[in-house]
Amino acid sequence: VGQAGPDDPASWDHTFNPPGNEFPKNEDEYDPTPKRGQGFRRVALKGDGSDQHDYQAADEAIRLLHEKREKPLFLALGFIRPHVPEVAPKTFFDLYPAERIELRQVPANDRDDIPAAAFQSKEVDWDMNEQAKRESVRAYRACTSFMDAQVGRVLQELDKLKLTENTIIVFMSDHGYALGEHGWWQKMMLFEPVCRVPMIIAAPGTSKIGATARGIVESVDLYPTLAELCDLKAPDSLAGKSVIGLLKNPDAPGKTAAFTQLNRPRQEIVGRSVRTDRYRYTQWKEGKEGAELYDEQADPGELTNLAKDPAHAQTVADMKKLLAGS
Ligand SMILES: [Ca+2]
């Protein structure tokens, strides 16, 4: 927000980094998690949020669509929400009354079979009580809907300009988000809700509207997919694989596995995780700091770690082989 970060200037003809307003003064603000400082602030704004980064980024995208509509264009539009701090107009908070939010039910002994390295800290729920947790989920939903509304503004403009029919649209996120799973919030873990991201692709003439492909894909597959859709030659060095087969036929098989890696530099621990259609296997510091195996079909909440279960020894061996080959 407000800065180019590690962007590569040579890759862009035009950049725009709106500063937004993440610290509004006079709004309805509440902070239930004093231990986390500004990290989990929630702000319900007056007005339509037009002082916010995501709104201004959508405005700029709309302006560029008008200006550049005659020629092929690659537009990367980054939204910050629902990343913390959770700032959105009050009207979006009103969509999600706190009393209607259902919280994750975490068994008291859940962490007993999880290696300590799986968590950034031992803290459970950051000392939030039930009400604060409900408000946190509510703020996340409000911010997600606010961001979604900005996506909608841009798509509407594409329609108005009659560009939808020859535009490839991709919606994805850089990581998922924990909302109380295993007593954890935000990211920095290798459980399903954090490793998994949305990947929505509308490629006119190729993809089927509203279809869901169940095959495994990875974020690194985006580059070769876009290259193929645009009839461009991708470099041979790319790690990913085009998903165009799944766009054409959502029932087509995906990859054997997807990989995710997490660094805990302070503890000098790297966690590596592999997901197949049935299992997730994660090991910390090559297994020296523990391992986890979850049956995602029987146990989608990842509550029972099967890594030490003799009945799953073969599965563990297979998953280790996948990790070693990645
Ligand atoms: Ca458990």
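Counting starts at 1 for both ligands and their atoms, in listed order.
Taking 4.0 Å as the cut-off between side-chain N and carboxylate O, E292 and R280 do not count as a salt-bridged pair. Taking the charged nitrogens against the carboxylate oxygens, K90 and D94 do have a contact shorter than 4.0 Å, which makes a salt bridge.
Scanning for salt bridge (Lys or Arg N to Asp or Glu O under 4.0 Å) contacts around R134 gives E130, with sequence neighbours left out.
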For residues 203-217, tabulate all N or O donor-acceptor pairs below 3.5 Å that involve a side-chain atom, not counting sequence neighbours.
residue: S207; atom: OG; partner: A203; partner atom: N; Å: 2.8
residue: S207; atom: OG; partner: A203; partner atom: O; Å: 3.3

Show the atom names and distances, to 0.1 Å, of all donor-acceptor pairs under 3.5 Å that link a side chain in residues 163-179 to residues at least two apart or in another chain.
residue: T164; atom: OG1; partner: D159; partner atom: N; Å: 3.2
residue: T164; atom: OG1; partner: D159; partner atom: OD1; Å: 2.6
residue: T167; atom: OG1; partner: L163; partner atom: O; Å: 2.5
residue: S173; atom: OG; partner: H175; partner atom: N; Å: 3.4
residue: S173; atom: OG; partner: H175; partner atom: O; Å: 2.9

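Around the Ca ion (ligand 1), the protein contributes the following N, O or S atoms at distances under 3.0 Å: D110 O, D110 OD1, D113 OD1, L303 O.
Between Y294 and F191, the distance from one ring center to the other falls under 6.0 angstrom.
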